[in-house]
There are 2 protein chains.
Amino acid sequence: MSVTIYDIAREANVGIGTVSRVLNNSANVTSETRERVITVARKLNYQPHAFAQALARKRSNTLSAIIPFFTNYFFIEVLQGVQETLTTLGYDLIIHGANNKLQVEEYLQRSMRKGRVDGTLLFSMEFPEQYVEEFYQKKTPLVLVDTFHPKFDSIRVDNASGATTATEHLIALGHKNIGMVNASLKSAPARERLASFKQTLERNGLPVLEANIVTSTEEKNDGFSRESGFRGMVEFLERGVPVPTAFFVSSDIQAIGVLAALRERGLRVPEDVAIVSFDDVELAKNFDLTTMSQPMFKMGELAVKKMIERIENPNAPVTSVNFKPSLVVRASCGANKKYVFHEQ
Amino acid sequence: MSVTIYDIAREANVGIGTVSRVLNNSANVTSETRERVITVARKLNYQPHAFAQALARKRSNTLSAIIPFFTNYFFIEVLQGVQETLTTLGYDLIIHGANNKLQVEEYLQRSMRKGRVDGTLLFSMEFPEQYVEEFYQKKTPLVLVDTFHPKFDSIRVDNASGATTATEHLIALGHKNIGMVNASLKSAPARERLASFKQTLERNGLPVLEANIVTSTEEKNDGFSRESGFRGMVEFLERGVPVPTAFFVSSDIQAIGVLAALRERGLRVPEDVAIVSFDDVELAKNFDLTTMSQPMFKMGELAVKKMIERIENPNAPVTSVNFKPSLVVRASCGANKKYVFHEQ
DNA sequence: CCTATGTTTGAAAGCCCTTCCATAGAACAT
DNA sequence: ATGTTCTATGGAAGGGCTTTCAAACATAGG
């Protein structure tokens, strides 16, 4: 039916071993035979059978990525980094979109199916403890992105550093009364961002008022949502406490809700209330948000690099990289005089 | 090293054929032996080797999707439909993010590597004419999503119908002077949307004024961008013609730019200018845009179904499905009195 | 009880490749 | 010319599975 190395061997009057050697650029083939084989291969429009190769090589050149689809903006940008790097290395990427823990587990199972993939990237979701042992035993390479487990390589964002920078930026702009709209404390990033926010206020001699902090209690997406931000700010405004002149918001998507709530109340951003948020997803640009930018593309790249290293050296010590977010100043904090909307 | 059916066969005192039959739920195995084999398999924690299976079955249960990353919002939602359907069918999905024609071609090549995937989904990008013959010969199943070629199955959005509905909505709201901000005419959807816009005006006895139509000349992303919308509207406002009371904008992302341009000029939406756009990506919700909604998730589902049909019946006649976009009324057209921001 | 029919089973063949091993031949040294 | 060392090459083995084939066994019918 379709062309195999046997066809090429016959046509070129060589053995299949030689064909394989030519196709894999192995040494010890005269340039004459090499030429001949290549010509025939091209003539027959030969395409290697990936699975047969994988079976023989015991390597699939394929990775899988388990990704929560709901983290939309974040993952898509990391994914680009992953993809681009992978392509240059000749790897393929299998996507597993998970929306809950159960699915994560199912996909982890699948990833362990022998030979299917050379390694797995797990994004933004906790690695289930009960699989630790199994992954360890089977030495299935695993890299965690935007999540953490002491036994596996991980790449994360330094939430502490980011929250500190954000808060300090507001302080530097002269704000004395700064509030925070946070996501659910069930989420580790939310906890870390809150802690550093408080510390930074203290370190700068500013009071830490619990009344100025709104914490989401929403289940859905751990409160990292527009609705959560909206409701959080509405709730806050109803508290009747003096409205801070600035807010640190734990994600861009929440900030959009916050913006809407402030608008409804007739409060202007940044004139009445300055906003700094976190993530710098595509959206942030559209809303002119000053925010803490995560190097998502780079994180994707690094994730792949780490994975390759892990594959090549399964016994190397576990590493954990923290990316420091950088401040992107747009209009919402009031620091920027010019209208930033036109930026690329 | 790792557990194979041979290990199971030995341990369970049966032949490998029997093991395979049990594992594949084939008929003609006594429930006794079946039980025994299953027990042993479980005990040894057997995982089938996907590639060996694929090699023997001549079927990989894997599809590839070639996707332009820049269509972000659109593709991600379609992708969810694809993914979810695929998962229930036990298929895997390989993602190929392409940013230009060259990459598309490279990935098409890869997809043709025998056995690698059972079929390929091509998103939003033209299928290169020079590959038609090859795909046809090799019978590599191909389904086009949001793009079209007469020789392959395709799933599209009915741009004509969508543009008509959008325009009629504005007309129904009493607007007599309606403009359009369009993307580059290099893009087929842009051409189709424009044509129907004009036709609808005519059919309703309204004048078609070229002066009221802005066409993007931008290369990048065929003018489907925020910047393009912004510049388009700024340019329009400088023409000095009377500003229409309503605009049909060819995409949500452009509409966001349009909104910003109007805001700069002090024009309010929807009081001074009503806006209806196209796509209904996540963003549209955040900006309260009235827009033509594409059933993206469903398109993904259908794409997979079509693919499966094609795989199972390679000689079925080519089909082409057009999804009719539906109008989602939010705030930007002025029809909706209530503030819609809170919608889920 | 024997034949005919059907069911269950083991094992070989095949899927397509890579890699190892043995051999033939060339090149070189003596 | 003979022996030695290398290089080039063909082909078998092996990777782990499915499927086919033939044999073994069971059941039923006469």
Side-chain angles (χ1 to χ4, degrees), chain A residues 1-38 40-41 44-62 90 92 110 112-118 138, chain B residues 1-38 40-41 44-62 90 92 110 112-118 138:
Chain A
M1 175 74 221
S2 54
V3 188
T4 72
I5 53 169
Y6 287 88
D7 301 319
I8 299 179
R10 197 176 342 101
E11 194 92 356
N13 255 308
V14 294
I16 55 158
T18 305
V19 174
S20 177
R21 272 184 290 265
V22 170
L23 264 24
N24 290 293
N25 286 315
S26 308
N28 296 336
V29 186
T30 43
S31 57
E32 193 198 348
T33 33
R34 163 160 278 131
E35 202 106 321
R36 194 146 38 99
V37 169
I38 288 178
V40 173
L44 299 182
N45 193 14
Y46 169 78
Q47 303 280 358
H49 189 120
F51 289 166
Q53 280 183 325
L55 186 59
R57 286 184 185 150
K58 304 185 171 190
R59 204 165 183 216
S60 65
N61 273 243
T62 302
D92 276 334
R110 244 198 240 198
M112 282 188 294
R113 290 186 63 188
K114 236 172 335 174
R116 187 75 190 88
V117 297
D118 296 339
K138 299 208 174 164
Chain B
M1 173 77 220
S2 54
V3 187
T4 71
I5 53 169
Y6 288 89
D7 300 320
I8 299 180
R10 198 179 338 104
E11 194 93 356
N13 253 309
V14 295
I16 55 158
T18 304
V19 175
S20 176
R21 273 183 290 265
V22 170
L23 265 23
N24 291 293
N25 285 314
S26 308
N28 298 335
V29 185
T30 44
S31 58
E32 193 199 348
T33 32
R34 162 159 280 131
E35 203 106 321
R36 193 146 39 97
V37 169
I38 288 179
V40 173
L44 299 181
N45 193 13
Y46 169 78
Q47 302 280 359
H49 189 120
F51 289 165
Q53 278 184 325
L55 187 58
R57 285 183 184 151
K58 304 187 171 185
R59 206 165 180 214
S60 65
N61 273 247
T62 302
D92 276 335
R110 246 200 238 198
M112 283 188 293
R113 290 186 64 189
K114 235 174 333 174
R116 187 77 191 86
V117 297
D118 296 339
K138 301 207 173 164

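When reading the values below, keep in mind they use all heavy atoms of this one structure, side chains included, and skip hydrogens, waters and symmetry mates. Every chain is numbered from 1, with letters handed out A, B, ... down the list of sequences. All values derive from a computational prediction rather than experimental measurement.
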Nearest whole Å is fine: how far is [N] [atom2] from [X] [atom1]?
X: A/Phe51; N: D/dG14; atom1: CZ; atom2: C1'; value: 19 Å
X: A/Asn28; N: D/dT5; atom1: CG; atom2: C1'; value: 14 Å
X: A/Arg59; N: C/dC16; atom1: CZ; atom2: C1'; value: 20 Å
X: B/Arg36; N: C/dT8; atom1: CZ; atom2: C1'; value: 12 Å

[N] OP1/OP2 closer than 4.0 Å to side-chain N/O of [X]:
X: A/Thr33; N: D/dT9; result: yes
X: B/Thr30; N: C/dT9; result: yes
X: A/Thr18; N: D/dG10; result: yes

Under 3.5 Å, is there a donor-acceptor pair linking the side chains of A/Thr18 and A/Arg36?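 Checked: A/Thr18/A/Arg36 side chains show no N/O donor-acceptor pair below 3.5 Å.
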Residues in salt bridge (Lys or Arg N to Asp or Glu O under 4.0 Å) contact with B/Arg110, at least two apart in sequence or another chain: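 Counting only residues at least two positions away or on another chain, B/Arg110 forms a salt bridge (Lys or Arg N to Asp or Glu O under 4.0 Å) with A/Asp92, B/Glu106.
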For B/Leu55 and for B/Arg34, locate the closest nucleotide of DNA chain C by heavy-atom distance; then report the residue assigned to the nucleotide nearer the 5' terminus.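 It is B/Arg34 whose nearest nucleotide is closer to the 5' end.
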Classify every nucleotide of nucleotides 17-26 of chain C by which part a protein heavy atom approaches to under 4.0 Å, writing B for the base, S for the sugar-phosphate alone and - for neither, in 5'-to-3' order. BBBB------
Please list, chain by chain and in numerical order, all residues satisfying side chain to side chain donor-acceptor pair (under 3.5 Å) with [X], sequence neighbours excluded.
X: A/Asn61; value: none
X: B/Ser26; value: none
X: A/Gln47; value: none

Within residues 12-26 of chain A or reaching into it, pairs that qualify as salt bridge (Lys or Arg N to Asp or Glu O under 4.0 Å) - sequence neighbours excluded: none
Using C1' atoms of five pairs at each end, report the bend of the helix from C/dC1-D/dG30 to C/dT30-D/dA1 rounded to 10 degrees.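 The two end axes of the helix from C/dC1-D/dG30 to C/dT30-D/dA1 meet at 50°.
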Table please: side-chain donor-acceptor pairs of residues 10-17 of chain A below 3.5 Å, with sequence neighbours left out.
from, atom 1, to, atom 2, distance (Å)
A/Arg10, NH2, A/Asp7, OD1, 2.9
A/Glu11, OE2, A/Lys43, NZ, 3.0

Working for side chain to side chain contact (heavy atoms under 4.5 Å, CB included), residues B/Val19 and B/Tyr6: CA-CA 8 Å; B/Val19 175; B/Tyr6 288 89; over 6 Å; no
The criterion is side-chain contact (heavy atoms from CB on, under 4.5 Å); which residues satisfy it with A/Ala52, sequence neighbours excluded?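 Expected list: A/His49, B/Leu55.
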For A/Asn13, report the nucleic acid contact type (base, sugar-phosphate, nothing); a contact means any heavy atom under 4.0 Å.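 Counting heavy atoms under 4.0 Å across all strands, the contact made by A/Asn13 is with sugar-phosphate only.
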